[in-house]
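Take a look at the structure below.
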Amino acid sequence: MESKNSNEKVPNFIRNIIAEDLKNNKNEGRVQTRFPPEPNGYLHIGHAKAICLNFGLAEEFGGKCNLRFDDTNPVKEEDEYANAIEKDVRWLGFDWGEKTYYASDYFEQMYEYAVQLVKAGKAYVDDLSADEIRQYRGTLTQAGVESPYRNRSVEENLDLFERMRKGEFPNGAQVLRAKIDMSSPNLNMRDPVMYRILHAKHHRTGDKWCIYPMYDWAHGLEDSIEGITHSICTLEFEAHRPLYDWFLEQLGVFHPQQIEFARLNLSYTMMSKRKLLQLVEEGHVNGWDDPRMPTISGLRRRGYTPESIRDFAERIGVAKRDSMVDIALLEHCIREDLNKRAPRVMGVLNPLKVIIDNYPENQVDELDAINNPEDPEMGKRKVPFSRELYIERDDFREDPPKKYFRLAPGREVRLRYAYYITCVDVVKDENGEVTEIHCTYDPQTRGGCSPDGRRVKGTIHWVSTPHALDAEIRLYDHLFTKEDPGDVDEGEDFRSNLNPESLKIVSAKVERSLENARVENFYQFERKGYFCVDPDSSKESLIFNRTVTLRDTWAKIEKAQKGKS
RNA sequence: UGGGGCGUCGUCAAGUGGUAAGACACAGGUUUUUGGUACCUGCAUUCGGAGGUUCGAAUCCUCCCGCCCCAGCCA
């Protein structure tokens, strides 16, 4: 399976930086990265990019990658999320050793570092309200104003900070701020808040703390404590780097290098955790693992494999420019993976009854079918054939368009692995709807080829009626109708771009061999696409999710034809 | 009109002074008992624009244009 790594690694700026560092023996040749999610939501394909990047780099350069929960805000974080995140990272195929790291494990040490800064006159307790702090901060073009509390004595600051920790003050009464520069053109440097008072129960430390560190203060410390050599994050943190560096420099501790890259944007979907949460809470989807969601759990349920997602992450590359990756690339990756691995099977999504007039009633023939033409080792199976069959409604046209070479009155086609049949009659109901068609078969063509060598243009799939299994099939399409769901008119939001046809449920007839299908098994329904067994499925009622369709050249031709006429 | 970034094919993306990789998409074609797969061919005389340096520039310099991020006691 690993041998398919024929696509060699393409250079990117982060790889280049690390390779250069290694050449210069920076960090004694050590490479240590980390993936630091906040446990306040589910991971999505954008996180998968970061995970593959961090774990991939570590692996490539003989280093390690930590999984670390950045749990510094107790009001938003929950164990449920932390557990789901661990499961997803593991499912993607990554291993972070025996230890899972938590920012909250460093709270005591962070506090001591803060005291150190206070003693050095580099931090102070501010009594200004949140609102006042905002006003004092100034604007993009206007310098800020120093807080009247900025020059308290070290002793007073020490006393106040300790009492903050003890819980003597209510939420919002004070904050600890770094004393940097209120006139800095970089707003992040205008005396940023290091600690705020939050009387809240933390998912791990419980009620032990009532002051919690802010991201900018905490993150560099977490990295430093763990000996991270390359702290890779997304572009929006670029303006925070001077602060990251400032704290570590003041403390004189190990100083990791922060490197920023552009986050992933995918067409026809969106990555905002907030909006994804909204989709879940408002019921536009059926949970975080809805197969239409770009979450790892959604993709897993949809039938995406870890291999396909890792391949995708490698192919999109890593750079600093904002971009929007075509979701067709993700679809290509899963098709490529499943083409090699998915057993082929026949399933009729929209059944039309076919009666073979000259085939004996009650006769059953067991025909050989190949499980995967891409992999002979997957062997063969028997599929039952009888007088009554189902074929795909779209594989029959009373009035076939040009270049259509499936079934039509008087036409002959091949039933895959079975016989050639010719349509001799069409039966309709009072509305003119075709209810069944009658055909004759050529007994000489068993297996699908004729002794006289005559050729048929079309091969269609089928299922024997008396042997067919019923199955519910969930057909998924893009969640949004626009490449950029955020592209909306005045007064509207991304919800108005929700695709009303993102889920269609059909009752299908599938071949008998699927009776043993188990949850998460994947198949190629020949000529239709790749499907996997949904967790809702049971032996009594089979349920499949369509992962992705097969490429459909005919659909393109027909669309082009319609466009012309 | 402060600061920090970024602009190479429809979409990603290599390239770091020596004369534009690759992938997806798209368009043709070959093979085919999946209109699938595989394979072949085509697809940027040009790198946001204009000047300049150089024998030579996507790569160096200057100016201009466009897009993104920053004013949470979120991360």
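Naming convention: chains lettered A, B, ... in sequence-line order (proteins, then strands); numbering from 1 in each chain. Computation of the quantities below employed the complete heavy-atom set of this structure, encompassing side-chain atoms and omitting hydrogens, waters and symmetry-equivalent molecules.
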Is [X] touching bases, backbone alone, or none of the nucleic acid, heavy atoms closer than 4.0 Å?
{"X": "A/S129", "answer": "base"}
{"X": "A/R344", "answer": "base"}
{"X": "A/Q142", "answer": "nothing"}
{"X": "A/P36", "answer": "nothing"}
{"X": "A/I460", "answer": "nothing"}
{"X": "A/F405", "answer": "base"}
{"X": "A/R241", "answer": "nothing"}

What nucleotide, of [options], holds the atom closest to the side chain of [X]?
{"X": "A/T553", "options": "B/rC26, B/rG36, B/rA75", "answer": "B/rG36"}
{"X": "A/T141", "options": "B/rA71, B/rG2, B/rG3", "answer": "B/rG2"}
{"X": "A/N339", "options": "B/rG36, B/rA75, B/rA71", "answer": "B/rG36"}

In residues 231-239 of chain A, which ones come under 4.0 Å of RNA chain B, going by heavy atoms?
->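 Hits under 4.0 Å, by residue number: A/E236, A/F237, A/E238.
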Check nucleotides 11-15 of chain B against the protein and report each pair of N or O atoms closer than 3.5 Å, with its distance, or say if there are none.
unit_1, atom_1, unit_2, atom_2, d
B/rU11, O3', A/M324, O, 3.0
B/rU11, O2', A/M324, O, 2.8
B/rU11, O2', A/D326, N, 3.4
B/rC12, OP1, A/M324, N, 2.7
B/rC12, OP1, A/M324, O, 3.4
B/rC12, O5', A/M324, O, 3.2
B/rC12, O2', A/I316, O, 2.9
B/rA13, OP2, A/R321, NH1, 3.0
B/rA14, OP1, A/V318, O, 3.2

If you measure only the distance, is there a donor-acceptor pair under 3.5 Å linking the side chains of A/Q258 and A/E260?
->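 There is such a pair (donor and acceptor under 3.5 Å, judged by atom type) between the side chains of A/Q258 and A/E260.
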Say whether A/Y42 and A/E80, considering side chains only, have a donor N or O and an acceptor N or O under 3.5 Å apart.
->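 Short answer, yes.
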Measure the distance from [atom1] on [X] to [atom2] on [N] and round it to the nearest whole Å.
{"X": "A/R134", "N": "B/rC73", "atom1": "CZ", "atom2": "P", "value": "8 Å"}
{"X": "A/L198", "N": "B/rA75", "atom1": "CG", "atom2": "C1'", "value": "14 Å"}
{"X": "A/E374", "N": "B/rC39", "atom1": "CD", "atom2": "C1'", "value": "13 Å"}
{"X": "A/N371", "N": "B/rU34", "atom1": "CG", "atom2": "P", "value": "16 Å"}
{"X": "A/K556", "N": "B/rC26", "atom1": "NZ", "atom2": "P", "value": "4 Å"}
{"X": "A/I557", "N": "B/rG36", "atom1": "CD1", "atom2": "C1'", "value": "13 Å"}
{"X": "A/H219", "N": "B/rC74", "atom1": "NE2", "atom2": "C1'", "value": "14 Å"}
{"X": "A/R335", "N": "B/rA23", "atom1": "CZ", "atom2": "P", "value": "18 Å"}

Does B/rG72 fall in syn (glycosidic angle within 90° of 0) or anti?
->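 Syn, which is what one calls it when the glycosidic angle falls within 90° of 0.
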Has [X] got a side-chain N or O lying under 4.0 Å from the OP1 or OP2 atom of [N]?
{"X": "A/R551", "N": "B/rU37", "result": "yes"}
{"X": "A/H461", "N": "B/rU34", "result": "no"}
{"X": "A/R414", "N": "B/rU34", "result": "no"}
{"X": "A/R137", "N": "B/rG72", "result": "yes"}
{"X": "A/R196", "N": "B/rA75", "result": "yes"}
{"X": "A/R527", "N": "B/rU37", "result": "no"}

Which value, in whole Å, describes the distance between the C1' atoms of nucleotides B/rC65 and B/rA21?
->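 Between the two C1' atoms, the distance is 29 Å.
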Rounded distance in Å between the P positions of B/rG49 and B/rU45 |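 About 12 Å, rounded to a whole number of Å.
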Output yes when A/E162 and A/K166 qualify as a salt bridge under the 4.0 Å nitrogen-oxygen rule, no when they do not.
->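 Yes, this pair counts.
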Would you call A/R446-A/D365 a salt bridge at under 4.0 Å N-O?
->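 A/D365 and A/R446: salt-bridged.
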So A/Y530 and A/F525, ring-ring contact (aromatic ring centres under 6.0 Å, His included) or not? Walk me through it.
-> CA-CA 6 Å; A/Y530 296 98; A/F525 285 15; 9.9 Å; no
Start with the C-alpha gap between A/R241 and A/D245, add the side-chain angles, then the distance that decides, and say whether salt bridge (charged side-chain N to carboxylate O under 4.0 Å, His left out) holds.
-> CA-CA 6 Å; A/R241 189 175 356 118; A/D245 291 337; 5.4 Å; no
5′-ward residue of the pair A/K528/A/D216 relative to RNA chain B |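 Looking at the nearest nucleotide for each, A/K528 comes out on the 5' side.
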Got a donor-acceptor pair under 3.5 Å from the side chain of A/E336 to the base of B/rU37?
->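 When only heavy-atom distances are counted, A/E336 does not reach the base of B/rU37 through any donor-acceptor pair under 3.5 Å.
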Convert the base pairs of RNA chain B into dot-bracket notation, remembering that pairs crossing earlier ones are written with [ ] and that bases paired across to another strand are shown as |; include only Watson-Crick or G-U pairs under 3.5 Å.
-> .(((((((.[[[..)..(...]]].(((((.......))))).....[[[[[..)....]]]]])))))).....
More than 12 heavy atoms of other groups within 6.0 Å of A/R152 CZ |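 Correct, the count exceeds 12.
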Any chance you could lay out the side chain to side chain donor-acceptor pair (under 3.5 Å) test for A/Y244 and A/D223, step after step, and finish with the verdict?
-> CA-CA 10 Å; A/Y244 182 100; A/D223 288 340; 2.8 Å; yes
Measure the distance between the ring centre of A/Y215 and the centre of the six-membered base ring of B/rA75, then answer whether it is under 5.5 Å with planes under 30°.
->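 It does not: the ring fails the test against the base of B/rA75.
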